[in-house]
Amino acid sequence: MGTAEPQVATTSTTTDAQSPVTDGFHLVIDALKLNGIDTIFGLPGIPITDFTRMAQAAGMRVISFRHEQSAGNAAAIAGFMTQKPGICLTVSAPGFLNGLTALANATTNCFPMILVSGSSEREIVDLQQGDYEEMDQLAVAKPLCKAAFRVLHAEDIGVGIARAIRAAVSGRPGGVYLDLPAKLFAQTMDAQAGRKSLVKVVDPAPRQIPAQDAVQRALELLKSAKRPLIVLGKGAAYAQADADLRALVEKTGIPYLPMSMAKGLLPDTHAQCAAAARSYVLAEADVVMLVGARLNWLLSHGKGKTWGGKDPKAWGGQKFIQIDISAQEMDSNVGIDAPLVGDIGSCVCALLAGLGSNWAKPPADWLRAVAERKDKNLAKMAEALAKDPTPMNFHSALNVVRDIIKVNPDAILVNEGANALDFTRSIVDMYKPRKRLDVGTWGVMGIGMGFSVAAAVVSGLPVIAIEGDSAFGFSGMEVETICRYHLPVCVVIFNNNGVYRGTDVNPSGGPDVAPTVFVKGARYDKLMEAFGGVGVHATTPAELRKAMEQAICSRKPTLINAVIDETAGTESGRITSLNPTSGKRNKSNS
Ligand code: OXT
Ligand code: ADP
Ligand code: MG
């Protein structure tokens with residue numbers, strides 16, 4: 001297939017004057033391009049190496065990674081940023097499996113992506129006769145994604161791609177698996193018939209208009225509130241209804257709490273932002289409107305002490321309005337009093353229309369109480385940020401990052417780790433929508449470099465990745481990818497010599513270090529230098545600031561090894577309580 005000459009729109013392989021033919025390779029490329037997909041994140045090998053070449057020759061951007069998990073993460077976050085399914089391309093069995101974590105993570109986070117994998121010969125796989133990279137990939141993928149399809153015949157490629165696109169972006173977005181056996185790529189068919197077989201998906205994510213009575217119910221409940229709260233989740237960020245959402249928040253005057261990836265939907269410095277009074281507003285609100293946020297673990301399942309309940313399972317007494325595209329999400333953890341099912345853009349529009357011109361702002365005593373709590377936490381934070389300890393701690397280093405984002409609000413912040421994640425979330429204000437990309441619903445490590453590459457490729461904007469040293473290790477080899485494509489990514493590693501801290505000791509006294517501890521004083525900056533990027537070793541906030549400013553200005557791939565006090569972190573960051581503690585140990589201790 002190496003001699004093929006792909007062209008845009010109708011690519012044919014062999015041209016004989018009478019009957020030009022096309023093949024599976026070109027039909028897949030044409031089908032993607034027809035649907036406005038211009039980028040593939042992947043890793044070549046049998047049976048898709050030629051495919052990557054042909055896609056590049058046909059004008060697509062083909063970004064090759066060092067590990068499929070990063071390619072998958074890149075595709076997933078590209079989907080989140082653009083509302084188009086991000087495409088990850090892998091080889092069969094092991095490559096496919098490497099991409100699968102990202103596919104499952106995309107599905108969990110409601111990001112649209114399509115994992116396209118080459119696969120081995122069906123006849124051999126199904127008889128389990130030991131083919132090269134044999135695996136029933138469709139069966140393996142099915143339980144981990146929103147939908148899974150396999151295409152066996154060239155004439156079905158158009159429909160296969162159309163179904164994959166629709167499944168990924170319609171309704172609740174998610175991950176889709178598309179299985180393309182090796183034999184499919186080589187199949188030929190008449191070029192004109194091939195062209196006709198392609199499907200341009202019309203309106204892939206149709207609006208879902210909420211029912212008027214549901215809108216009315218929500219408005220009445222909101223009107224009755226004495227202590228209302230709006231929670232904005234990453235679904236609200238995905239929806240790209242930014243102006244209407246802001247109008248809704250501002251017209252109602254209700255305090256709002258952004259979930260991590262919804263930070264910046266309105267500037268975190270907005271007077272109504274209640275992020276700095278999180279515990280207070282969750283426990284005290286009487287009516288809560290969830291906008292693209294699930295009542296999962298990150299919101300303590302909508303009950304228990306966080307919500308003012310008497311014990312860990314008790315309902316706190318508040319009423320909920322939930323805006324979500326998935327009707328099934330309602331009542332998942334607690335009863336939802338006013339479900340508003342539809343796409344966020346349409347729901348917010350309908351609410352705005354129903355507000356009228358004389359909507360009363362929330363009671364002043366509620367706004368005052370939230371402001372008081374917020375001011376207290378802001379003052380506490382300002383005090384911590386003003387310190388300049390040696391060695392640097394999370395606060396003094398993040399004070400720099402906070403300033404850098406403030407003057408570069410368009411920069412995209414990627415963030416993973418435990419303490420490195422939690423401190424960044426609360427210290428670094430975001431000013432614009434979809435600028436904060438992080439570990440999401442699963443708290444998964446390994447998204448860092450894949451997200452950074454995709455963010456830079458999709459947006460062309462500078463990317464700042466704040467990484468725990470452990471977190472970075474999961475995708476660290478992709479710094480070569482960053483250098484190869486000359487991407488404006490500045491990776492800052494918060495190096496505290498380990499997972500959570502660098503201070504644990506081996507309780508047995510043996511020669512191995514403790515399981516959470518890494519090589520002390522590691523020089524991650526050298527890794528970047530190995531590939532031609534800029535490496536900086538920073539031990540003070542001033543050094544960190546200078547290096548970050550230079551990275552933003554030069555747009556050169558940069559890795560800053562920021563040395564952080566190894567005692568500064570806590571076990572699992574802010575989620576220490578999720579660690580099981582041994583009943584045996586507790587008993588013997590008592
Ligand atoms: O209201 P109160 O008083 O409570 O105060 C809150 C806010 O009001 C206030 N606040 C502010 N104050 C002032 N100013 C401002 N601007 C402000 N903003 C907020 O601050 C507090 C806290 O606010 P927050 O954070 O909003 O509230 P809270 O209560 O924490 O919120 C709860 C949560 C649950 C919503 C929140 O904590 C959250 O989103 N957490 C996400 C946690 C998470 O996902 N963590 C990652 C997973 S941890 C663990 O699993 C790790 N592993 C295992 C592993 C994983 N994950 N994956 C894979 C594939 N393999 C293994 C590993 C290996 S982490 C990890 C590596 C760790 O080591 P690293 O070296 O990478 O990292 P370091 O820890 O740095 O060493
Ligand atoms: P967070 O972690 O920020 O709280 P979640 O991932 O838990 O957010 O929730 C996102 C929710 O948003 C999901 O329930 C999903 O169905 C919903 N969602 C995603 N896109 C849209 C959309 N365009 N319109 C309405 N709901 C959406
Ligand atoms: Mg660490």
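In each ligand, atom 1 is the first atom listed, and ligand 1 is the first ligand listed.
Every atom of ligand 2 is numbered from 1 in the order shown, and the set under 4.0 Å from a heavy atom of G342 is 24 (N), 25 (C). Close approach of ligand 1 to S279 is summarised as follows: ligand atoms under 4.0 Å from at least one heavy atom of the residue are 1 (O), 2 (P), 3 (O), 4 (O). If you number the atoms of ligand 2 from 1 as listed, the ones under 4.0 Å from a heavy atom of C110 come out as 13 (C), 15 (C). Close approach of ligand 2 to M259 (heavy-atom distance below 4.0 Å) involves ligand atoms 3 (O), 4 (O). Remark: ligand 2 atoms within the under-4.0 Å shell around heavy atoms of N296 are 7 (O). Near G233, with a cut-off below 4.0 Å to any heavy atom, the atoms of ligand 2 are 3 (O).
By the criterion of a heavy-atom distance under 4.0 Å, the backbone of A277, and not its side chain, is placed next to ligand 1. Looking at F474 against ligand 1, only its side chain comes within 4.0 Å, counting heavy atoms. Both the backbone and the side chain of D469 come within 4.0 Å of ligand 1, counting heavy atoms alone. Only side-chain heavy atoms of L421 come within less than 4.0 Å of ligand 1; its backbone N, CA, C and O stay farther off. If you look at K380 next to ligand 1, there are no close heavy atoms at all, none under 4.0 Å. The residue I427 has no part lying near ligand 1, judged by heavy-atom distances below 4.0 Å. Residue V439 touches ligand 1 through its side chain alone, judged by heavy-atom distances below 4.0 Å. Heavy atoms of R278 found under 4.0 angstrom from ligand 1 belong to the backbone as well as the side chain. When heavy-atom distances to ligand 1 are checked against a 4.0 Å cut-off, F394 comes that close only through its side chain, counted from C-beta outward. At a heavy-atom distance under 4.0 Å, only side-chain atoms of W297, from C-beta outward, approach ligand 1.
The shortest contact between atom 23 (N) of ligand 2 and any protein heavy atom is with A239 CB, 3.8 Å. The protein heavy atom nearest to atom 5 (P) of ligand 2 is R294 NE, 3.4 Å. Looking only at protein heavy atoms, the nearest one to atom 15 (C) of ligand 1 is S426 O, 3.3 Å. Of the protein's heavy atoms, Y238 CD2, 3.6 Å lies nearest to atom 20 (N) of ligand 2. Closest protein heavy atom to atom 10 (C) of ligand 2: G292 O, 3.1 Å. At the shortest separation from atom 3 (O) of ligand 2 among protein heavy atoms lies K234 N, 2.7 Å. When only non-hydrogen protein atoms are considered, atom 26 (N) of ligand 2 lies nearest to I325 N, 3.1 Å. Here the protein heavy atom with the shortest distance to atom 14 (O) of ligand 2 is D324 OD2, 2.5 Å. Closest protein heavy atom to atom 18 (N) of ligand 2: G235 CA, 3.9 Å.
Between the side chains of N393 and S396, at least one donor N or O lies within less than 3.5 Å of an accepting N or O.
One finds the CG atom of L421 at 4.5 Å from the CG atom of N415 (value rounded to the nearest 0.5 Å).
Polar contact with ligand 1: absent for V444 (N/O pair, distance under 3.5 Å). Remark: ligand 1 and N377 share an N or O pair separated by less than 3.5 Å (distance only, no angle test). Residue G440 has no nitrogen or oxygen atom sitting less than 3.5 Å from a nitrogen or oxygen atom of ligand 1, judged on distance alone. For ligand 1, the polar-atom distance check finds no N/O of L298 at less than 3.5 Å from any of the ligand's N/O atoms. Checked against a 3.5 angstrom limit, the closest N/O atoms of M381 and ligand 1 fall outside it. Between R402 and ligand 1, no N or O atom pair is found at a separation short of 3.5 Å. Here's the thing with G417: none of its N/O atoms is less than 3.5 angstrom from an N/O atom of ligand 1. Ligand 1 has a nitrogen or oxygen under 3.5 angstrom from a nitrogen or oxygen of A276. Distances between N or O atoms of V499 and those of ligand 1 include no value under 3.5 Å. Between S572 and ligand 1, no pair of N/O atoms sits closer than 3.5 Å. Checked against a 3.5 angstrom limit, the closest N/O atoms of R172 and ligand 2 fall inside it. Among the atoms of I344, some N or O lies under 3.5 angstrom from an N or O of ligand 2.
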Legend entry - CA sep, side-chain torsions, deciding dist, call: C110, R294, side-chain contact (heavy atoms from CB on, under 4.5 Å): CA-CA 11 Å; C110 315; R294 287 169 286 187; 3.8 Å; yes
Inset, instruction - List the steps, then state whether side-chain contact (heavy atoms from CB on, under 4.5 Å) holds for R66 with T481. - result: CA-CA 7 Å; R66 306 300 293 257; T481 310; 3.7 Å; yes
Inset, instruction - Check the pair T441 / K234 against side chain to side chain donor-acceptor pair (under 3.5 Å), numbers first and verdict last. - result: CA-CA 10 Å; T441 306; K234 62 172 112 66; 2.7 Å; yes
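Between W307 and F320, the ring-plane angle classifies as perpendicular under the 30° and 60° cut-offs. Between F80 and F111, the two ring planes are tilted [angle within 30° to 60°].
Just one of I323, L257, L299 meets the side-chain contact (heavy atoms from CB on, under 4.5 Å) condition when paired with L290; it is L299.
Remark: R368 does not engage D365 in a salt bridge, criterion side-chain N to carboxylate O under 4.0 Å. Between E284 and R373, none of the side-chain N atoms (NZ, or NE/NH1/NH2) sits under 4.0 Å from a carboxylate O, so this pair counts as no salt bridge. Contact check on D242 versus R434 returns a salt bridge, with a Lys/Arg side-chain nitrogen under 4.0 Å from an Asp/Glu carboxylate oxygen.
R425 places no side-chain N or O within donor-acceptor distance of the main-chain N or O of M259, the cut-off being under 3.5 Å. Between the E416 side chain and the G448 main chain, a donor and an acceptor come within less than 3.5 Å of each other. Judged purely by atom type and a 3.5 angstrom limit, K303 has no side-chain atom pairing as donor or acceptor with the backbone of G309.
Not a single heavy atom of A262 sits under 4.0 Å from any atom of ligand 2.
Distances from the Mg ion (ligand 3) to the N/O/S atoms of D469 are shortest for OD1.
Look at G417 and the Mg ion (ligand 3): no N/O/S atom of the residue is under 2.8 Å from the metal. Among the backbone and side-chain atoms of N497, none of the N, O or S atoms lies under 2.8 Å from the Mg ion (ligand 3).
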